[in-house]
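Heavy-atom basis, side chains included; hydrogens, waters and symmetry copies ignored.
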Amino acid sequence: MFFGWLKQYMPRGLYGRALLILILPVVTLQLLVSVVFIQRHFEGVTRQMTRAVAIDLSFVIETAQQPGPTEKIRRDVQSIATPLAFDVHWPAALVTQDAAGAWSDFTGPSVRRYLTAQVPEIAAVSLADRRRVSVWVETPHGPLALDFARSRVSASNPHQLLVIMVVLGALMTTIAYFFLRNQLRPIKRMAAAAAAYGKGRVTNYSPSGAVEVRAAGMAFLDMRNRLEKQTQSRTMMLSGVSHDLRTPLTRLRLGLSLLDEAEAAPLIRDVDEMQHLLDAFLDFARADAGDDLVPTVPRDCVQEVLDDATRMGQPVTLSAVSGPQEAMPLRKLAIRRALVNLIGNALRYGDAAQVGVHVTDRAVRFVVEDDGPGIPPDRRDEALHPFTRLDEARNQDAGSGVGLGLAIVADIARSHGGVLRLGESEAMGGLKAELVLAR
């Protein structure tokens, strides 16, 4: 439960998580050193140094509190304090309020606490001057002020340790970050190559980095090469199948043309249906084989398909067009095949169709809508499966197809790293097919 809550605040990127792994130990170590070393070591040093100074202060104060002529006592105090490196002053009034130092004075509170504890006669301690310590004492011969160097009661410049820790910590973190970035760059390059291949693009990639990353990169290249060989083998097989099957069908058609027209008509329809089935099977198996990526403007591709449909007398119009219509690498033939299948499917079950294209920074979306009966929501996923005919009552001879049209489009979408979505058309009331291709 705790880790599930914590994941919401963790960085999602690899760089962010790596940086967090670097910063957390460094910050934790610095805090630990600050608490343990500064609070204990510096305070212990301050206590020992303050005890030594307190002995000298007690001796000077004891001399100042001796009975006798004031001038003589003051001269005695001066003669004793000078060898002990104390500056003696006899102010007119006694100071009873402590003067605190800056907020960055880490050892100041300890100096004040130890001095007043070991020399009870001290009335006030001033740490306003970072280089000096001033104490005031009430004596029978008037207020006494003693100044001495701050270095006698505390380690000099304790903040330097913090500065060194922070600077060195930042420096080492920066160096480690650049080193780690160099280690993560091969992983990002491999991820980019895999993502591009998922969209049907073969990019140049050579494994680099650590041994494990190189091994993963080599495995990716081996997998890609095997898939490429399988694609080539499938293309060669399809070419052979297409040639071997189309040739006898052509001979059958020629032979039937010599028979009586009334007797040959049913057989010619069977040959045409066999030709139609063969084209559908090959179209599904071929998908985008042999189709290269070429710079294509999405709107121009749609317009070409609409021009062909208009010449054939099909009621298809161009609907909404949005986004920057600029050339981008697409498999133009595969997309034309997908749009033709979607338009054919729309006109098979409807009277009219509309085609739109929308371009964003991340995807290209082709939308085909019709005024037909549509597909129920609970059967839309099933409609994308090969050889699926939702209406079993439709006669195949009536042109309902073999259930491969949407499957071909879905396969083309996957080859571009995209998806085919089916929904309900708000404009025309029938089926809305969205061919979404990743950029």
[X]: which residues meet the side-chain contact (heavy atoms from CB on, under 4.5 Å) condition with it, sequence neighbours left out?
{"X": "A192", "value": "none"}
{"X": "I268", "value": "L256, A264, D272"}
{"X": "A265", "value": "R269"}
{"X": "S126", "value": "A99, A128, S134, W136"}

Please name the pair of heavy atoms, one in [X] and one in [Y], separated by the smallest distance, quoted to 0.1 Å.
{"X": "V436", "Y": "A363", "value": "CG1-CB, 4.0 Å"}
{"X": "R152", "Y": "A85", "value": "NH1-O, 3.4 Å"}
{"X": "A433", "Y": "L420", "value": "CB-CD1, 4.4 Å"}
{"X": "V364", "Y": "F366", "value": "CG1-CE1, 3.7 Å"}
{"X": "L406", "Y": "A383", "value": "CB-O, 3.7 Å"}
{"X": "Q325", "Y": "V359", "value": "NE2-CG2, 3.5 Å"}

Sub-3.5 Å donor-acceptor pair from the side chain of [X] to the main-chain atoms of [Y], do we have one?
{"X": "T50", "Y": "R47", "answer": "no"}
{"X": "N225", "Y": "L221", "answer": "yes"}
{"X": "D370", "Y": "L431", "answer": "yes"}

Roughly how far apart are [X] [atom1] and [Y] [atom2], rounded to 0.5 Å?
{"X": "D381", "Y": "L422", "atom1": "CG", "atom2": "CG", "answer": "8.0 Å"}
{"X": "D222", "Y": "M218", "atom1": "CG", "atom2": "CE", "answer": "5.5 Å"}
{"X": "F178", "Y": "Q183", "atom1": "CZ", "atom2": "CD", "answer": "14.5 Å"}
{"X": "L180", "Y": "I175", "atom1": "CG", "atom2": "CD1", "answer": "13.5 Å"}
{"X": "Q354", "Y": "M428", "atom1": "CD", "atom2": "CE", "answer": "5.0 Å"}
{"X": "R414", "Y": "L384", "atom1": "CZ", "atom2": "CG", "answer": "8.0 Å"}

More than 12 heavy atoms of other residues, nucleotides or ligands under 6.0 Å from [atom1] of [X]: is that the case?
{"X": "M223", "atom1": "CE", "answer": "yes"}
{"X": "D361", "atom1": "CG", "answer": "no"}
{"X": "D351", "atom1": "CG", "answer": "no"}

For [X], what residues pass the salt bridge (Lys or Arg N to Asp or Glu O under 4.0 Å) criterion, not counting sequence neighbours?
{"X": "R421", "answer": "E434"}
{"X": "R132", "answer": "D87"}
{"X": "R185", "answer": "none"}
{"X": "D371", "answer": "none"}

Could you tell me whether the side chain of [Y] reaches within less than 4.5 Å of the side chain of [X], counting heavy atoms only?
{"X": "V153", "Y": "F148", "value": "yes"}
{"X": "I335", "Y": "L437", "value": "yes"}
{"X": "R365", "Y": "V357", "value": "no"}
{"X": "E424", "Y": "K432", "value": "no"}
{"X": "D56", "Y": "V119", "value": "no"}

Expected list for residues 309-319: side-chain donor-acceptor pairs under 3.5 angstrom, two or more places apart:
unit_1: T310; atom_1: OG1; unit_2: L306; atom_2: O; d: 2.8
unit_1: R311; atom_1: NH2; unit_2: D308; atom_2: OD1; d: 2.1
unit_1: S319; atom_1: OG; unit_2: V355; atom_2: O; d: 3.1
unit_1: S319; atom_1: OG; unit_2: G356; atom_2: N; d: 3.3

Give every donor-acceptor pair under 3.5 Å between a side-chain atom in residues 296-305 and any protein atom, sequence neighbours left out.
unit_1: T296; atom_1: OG1; unit_2: V294; atom_2: O; d: 3.0
unit_1: Q303; atom_1: NE2; unit_2: D307; atom_2: OD1; d: 3.0
unit_1: E304; atom_1: OE1; unit_2: R336; atom_2: NH1; d: 3.2
unit_1: E304; atom_1: OE2; unit_2: K332; atom_2: NZ; d: 3.2

Report task. Give a yes or no on whether a salt bridge exists between D129 and R150, defined as a side-chain N under 4.0 angstrom from a carboxylate O. Result -> no

Report task. Walk me through it: do L57 and F86 pass the test side chain to side chain contact (heavy atoms under 4.5 Å, CB included)? Result -> CA-CA 9 Å; L57 284 174; F86 290 131; 3.8 Å; yes

Query raised in the report: Do you know which of L115, V53, L146, D147 makes side chain to side chain contact (heavy atoms under 4.5 Å, CB included) with V133?
Result: L115

Quick one: side chains of residues 206-216, donor-acceptor pairs under 3.5 Å with protein atoms, not counting sequence neighbours, listed by atom name and distance.
unit_1: S208; atom_1: OG; unit_2: R189; atom_2: NH1; d: 3.2
unit_1: R214; atom_1: NE; unit_2: G209; atom_2: O; d: 3.0

**Report entry** Six-ring centre of Y205, R224 cation under 6.0 angstrom, axis tolerance 45°
**Finding:** no

Requested in this report: Could you list the residues that satisfy side-chain hydrogen bond (donor to acceptor under 3.5 Å, both in side chains) with T203, not counting sequence neighbours?
Outcome: none

